[in-house]
Number of protein chains: 2
Amino acid sequence: MSFSGKLRKHKNAPEPTLRRLPVYLYFLEKVREEGTINISAPVIGKNLKCDPTQVVKDLSVTGIKGKPRVGYNTYELIHALEEYLGFNRTNEAFLVGAGNLGSALLAYQDNQSLGIKLIAAFDVDTEIIGTSIGSIHVLEYNKMFHLANRLNVEIGVLTTPNHVAQKVAEDMVNCGIKAIWNFTSAILDLPDNIIVQNTSLSTSVAVLLRRLNDSEK
Amino acid sequence: MSFSGKLRKHKNAPEPTLRRLPVYLYFLEKVREEGTINISAPVIGKNLKCDPTQVVKDLSVTGIKGKPRVGYNTYELIHALEEYLGFNRTNEAFLVGAGNLGSALLAYQDNQSLGIKLIAAFDVDTEIIGTSIGSIHVLEYNKMFHLANRLNVEIGVLTTPNHVAQKVAEDMVNCGIKAIWNFTSAILDLPDNIIVQNTSLSTSVAVLLRRLNDSEK
DNA sequence: GCACAATCGAGAATTTTTTCTTTATTAAAA
DNA sequence: TTTTAATAAAGAAAAAATTCTCGATTGTGC
């Protein structure tokens, strides 16, 4: 199915915009709980400390129109953002590497939504195979291949040690996984059509430390 | 002490560069273990799938000079990067919120270096106060104020539930913390001189899902 | 020792992203 | 009903980041 039936009304957002969208979404959900029906870009900008025209440009990717003098309908915007980001779909995912970080993610999603749903976890450590973290059982790694045939999972979360990351990533690709959320520091070499989202913690630390050192001159 | 005594020889890197530097660092550490003495920008670029002139520009912020036909000295580069990113300093930090994510970070740093060293963890949950995660004891939240006076901690890691994040962040600032690594979705409103590094997981998911949906047209 | 090929480094050109400006629309006030 | 002020949206300008181009340098092979 190459053409999804419905016209693509939204544009391709630049990545900086894409990274800001979940921030808007979280803020909007908060103000909606407080009963806000309409909200304007200047108000959003004031709260999030960013330029109001930036807000307008960013939100325009969802296709939602605001009204002058009123702003956007909170409810509409939230739904358009969820739709645009894919947060309203199920987005089932496999996780490989149920160590510290892996089990944290598994437990985490029981409380807060990650935007994806981990439906199975795999590891090679016989100590953790068979245990449950949150509501998810940790299965033997080899089971991944079999399970991948039945369930149609497109997303893989990679929380293994660095030195096995490449191998596991290749296995994931062979299982039909299309996108990998990579928490390791490994630089994955995979086919071009595979989407790799690197979320190495040291990247954040680097930015933080540098800004801290700069601020201290 | 406003002037650090030694001349600042490095420039202020743009943020995209800053985020790439830890990737270079990891790669360089790997090739150095394999015995590589010198490495050129084209080789780095080929491995990391990025433009070689980008590599040259990025690495130039460290002040290290490469030689034509040879490239950079691996050892020198690694040290310059560690120095530039601050990874060779201790960077002691407090962590507040020893739930799933918090305890994962605590355990994580025992195996892999984060770039910062968590020296104490705090929580309000009497169930976890007194327990140890990795080599760190979880202390009662109120102890933070007392401990902050003695130790001179500048970095705070925020892994609390969203609804208490603002309050805890303010407490951190009152304890003398200058930089906050924020894992919550809360939008922190703090004095301008406080550095906030947001690392909300949904940001990464957003980019991943959008790219996945785009690729499926 | 001399030509040759590789690569750094600086700056120019291009592209992307952000910010500014203008116009048009809308609700509220007069 | 008319005027006024606020705001979205589109496009222009500015700034930032990336990619391209070229000259200088250095090691390798002839």
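None of the values given here were measured: they were computed from a predicted structure. All heavy atoms count here, side chains included; hydrogens, waters and symmetry mates do not.
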Testing the basics here: between B:Val61 and B:Ala13, what is the closest heavy-atom pair and its distance to 0.1 Å? CG1-CB, 3.9 Å
What's the closest nucleotide to the A:Arg20 side chain, out of C:dT18, D:dT18, C:dC8? C:dT18
Of the nucleotides C:dT7, C:dT18, D:dT21, which has the atom closest to the B:Thr53 side chain? D:dT21
Between atom CD1 in A:Ile37 and atom C1' in C:dA27, what is the gap in whole Å? 17 Å
Has A:Lys65 got a side-chain N or O lying under 4.0 Å from the OP1 or OP2 atom of D:dA10? yes
Closest to the side chain of B:Tyr72, out of D:dT26, C:dG9, D:dA17, is C:dG9
Could you tell me whether B:Arg32 sits above the aromatic face of B:Tyr75, with NZ or CZ closer than 6.0 angstrom to the six-membered ring centre and within 45 degrees of the axis? no
Which one, C:dA10, C:dT18, D:dA8, comes nearest to the side chain of A:Pro42? D:dA8
Decide yes or no, distance alone: a donor-acceptor N/O pair under 3.5 angstrom between the base of C:dA28 and the side-chain of A:Arg69. no
Would you mind telling me which of D:dT19, C:dT18, C:dT25 lies closest to the side-chain atoms of A:Pro68? C:dT25
Is it the case that D:dT19 (base atoms only) and B:Lys57 (side chain only) share a donor and an acceptor within less than 3.5 Å, ignoring hydrogens and angles? yes
Take atom CD1 of A:Ile64 and atom C1' of D:dA9, then tell me their distance rounded to the nearest Å. 15 Å
Can you check whether A:Asn12's main-chain N or O pairs, donor with acceptor, with B:Asp214's side chain at less than 3.5 Å? no
Pairwise 5' ranking along DNA chain C for A:Asp51 and A:Lys67, keeping only the more 5' one: A:Asp51
Worked verdict on B:Glu15 versus B:Arg19 for salt bridge (charged side-chain N to carboxylate O under 4.0 Å, His left out): CA-CA 6 Å; B:Glu15 192 167 314; B:Arg19 278 209 298 267; 3.0 Å; yes
Taking D:dA8, C:dC20, C:dG9 as options, the one with an atom nearest any side-chain atom of A:Ser40 is D:dA8
Is the phosphate of C:dT19 approached by A:Gln54 (side-chain N or O, under 4.0 Å from OP1 or OP2)? yes
Around B:Leu151, counting heavy atoms of other residues, nucleotides and ligands shown, do more than 12 lie under 6.0 Å from its CG? yes
Which one, C:dA27, D:dA8, D:dG27, comes nearest to the side chain of A:Val70? C:dA27
